[in-house]
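Side chains are part of it too, since the values below use all heavy atoms of this structure and drop only hydrogens, waters and symmetry mates. This one's a predicted model, so the numbers in the text were calculated from it and none came from an experiment. Throughout, a chain's letter reflects where its sequence line sits, starting with A, and its residues are numbered from 1.
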2 protein chains.
Amino acid sequence: MFKLSKKADYGLIAVKHLAMHRDEHACSATEIAEEYGISTMLMAKVLQKLARQRIVSAKHGASGGYLLAKEPSQITALDVISAIDGPVLITSCVTNHGNCGAADKCSVREPLRRVNESILSVLSTVTISHMSEEQHEPVLVELQT
Amino acid sequence: MFKLSKKADYGLIAVKHLAMHRDEHACSATEIAEEYGISTMLMAKVLQKLARQRIVSAKHGASGGYLLAKEPSQITALDVISAIDGPVLITSCVTNHGNCGAADKCSVREPLRRVNESILSVLSTVTISHMSEEQHEPVLVELQT
DNA sequence: TCGCGGTACGACCGAATTAGTCTTATATCT
DNA sequence: AGATATAAGACTAATTCGGTCGTACCGCGA
Ligand code: SF4
Ligand code: SF4
């Protein structure tokens, strides 16, 4: 339906973990995975995708691991999610293989596109540092109805 | 990832179609399905779910069909989507069968809950009449970071 | 220099979800 | 009565997702 994939979820956990252990040692996939009870293999895959998008940087070799590549305030939830699951598109209009058959007649396409924009803007408003803070100042997001 | 289910998509199409043919005849599932090139059976199922949530009302018998049960301005996208796919929850924390194993250690649960709230608020801000209008006045949605 | 502890990457499998179909029952108009 | 609808649930097919494995590569330190 409308759910974050578990991989993206794990990605956010990992990035937040790295943000918290900033300036300390580089965290290995195993370390993070064990901390939250997630399969090491899976966490490794997630971190690899994040590394490919330059959200985290990897350090090979013994006592290696991952480090945040940017400031926590410069990493948005959208960055993490789309790094792992690809672009966020709420409709199937233009997807991987073949677009929707109803596309030409469809009358909700354009309205939904605007809803999609709004969700994108929500997701790109909240950053990792937002997710670490305690105080929660409301922010206004513009929504094109 | 983060996609609307096709059924929900079809639901929005159907509701918008009914909104456009308001005060005319009741539209049958077949009529709507053929208009947009969707399977009749599937469209029927979607409309049944909408009827169960009293978003549309059904008229049995020959020359029967479906009618909008409320004003288009009183039907939100969230209404339609959750009528078809169930409650909108971006995380798997509390879902159908068994919650997430990382739940106790998880540090992104609360932030994501707030993101979820924001998405809910976006979805409940846009109504069917919004989706039919041409002009698109921006609306501000409050987002708890 | 060799081995251990780590990342990189893609192929792979099984489980879960989703899309779509069929069948039977029921209601209502003509 | 007969035609045309909805109602509902069981069922199957298609697709996605979660998770695993194997193998290659990298680099530090004993
Ligand atoms: S075209 Fe209309 S129906 Fe097809 S995916 Fe886009 S919005 Fe949904
Ligand atoms: S608990 Fe944390 S990890 Fe588990 S689903 Fe909720 S947010 Fe995702």
Whole-Å distance separating the [atom1] atom of [X] from the [atom2] atom of [N]:
X     : N      : atom1 : atom2 : value
A:H25 : D:dC28 : NE2   : C1'   : 17 Å
A:Q48 : D:dC21 : CD    : P     : 16 Å
B:M43 : D:dA7  : CE    : C1'   : 17 Å
B:Q53 : D:dA8  : CD    : P     : 11 Å
B:K49 : D:dT6  : NZ    : P     : 17 Å
B:R54 : D:dA7  : CZ    : P     : 11 Å
B:K59 : D:dT6  : NZ    : C1'   : 12 Å
A:L42 : C:dG14 : CG    : P     : 18 Å

Ignoring the backbone of [X], work out which of [options] is nearest its side chain.
X     : options                : value
A:S5  : C:dT21, D:dG18, D:dA8  : D:dG18
B:H60 : D:dA3, D:dT6, C:dT7    : D:dT6
B:K7  : C:dA19, D:dA8, C:dC29  : C:dA19
A:M41 : D:dT20, D:dG18, C:dA19 : D:dT20

Students often mix this up, so state it plainly: with edges at 30° and 60°, are the rings of B:H25 and B:H21 parallel, tilted or perpendicular?
perpendicular
Using the ring of each side chain (for Trp, its six-membered ring), is A:F2 parallel, tilted or perpendicular to B:F2, with breaks at 30° and 60°?
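Taking B:F2 first and then A:F2, their aromatic rings sit tilted (interplane angle of 30° to 60°).
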Can you say whether a donor on the side chain of B:K45 sits under 3.5 Å from an acceptor on the base of D:dG9, or the other way round?
yes
Measure the spacing between NZ of B:K49 and CD1 of B:I55 and express it to the nearest 0.5 Å.
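Rounded to the nearest 0.5 Å, the NZ-CD1 separation comes out at 12.0 Å.
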So what does A:A29 hit on the nucleic acid, given a heavy-atom distance under 4.0 Å: a base, only sugar-phosphate, or nothing?
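Sugar-phosphate, backbone atoms only, no base.
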Considering just the side-chain nitrogens and oxygens of [X], establish if one lies under 4.0 Å of OP1 or OP2 belonging to [N].
X     : N      : value
A:Y66 : C:dA8  : yes
A:S39 : D:dT20 : yes
B:R52 : D:dA8  : yes

Using a strict threshold of under 4.0 Å (side-chain N to carboxylate O), is an ion pair present between A:E110 and A:R113?
yes
Between B:R22 and B:E71, is there a side-chain N and carboxylate O pair less than 4.0 Å apart?
yes
Report the residue (A:F2 or A:G61) whose heavy-atom-nearest nucleotide on DNA chain C is the more 5′ of the two.
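Upstream on the strand: A:G61.
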Would you mind telling me which residue lines up with the more 5' stretch of DNA chain C, A:A51 or B:A62, judged by nearest nucleotide?
A:A51
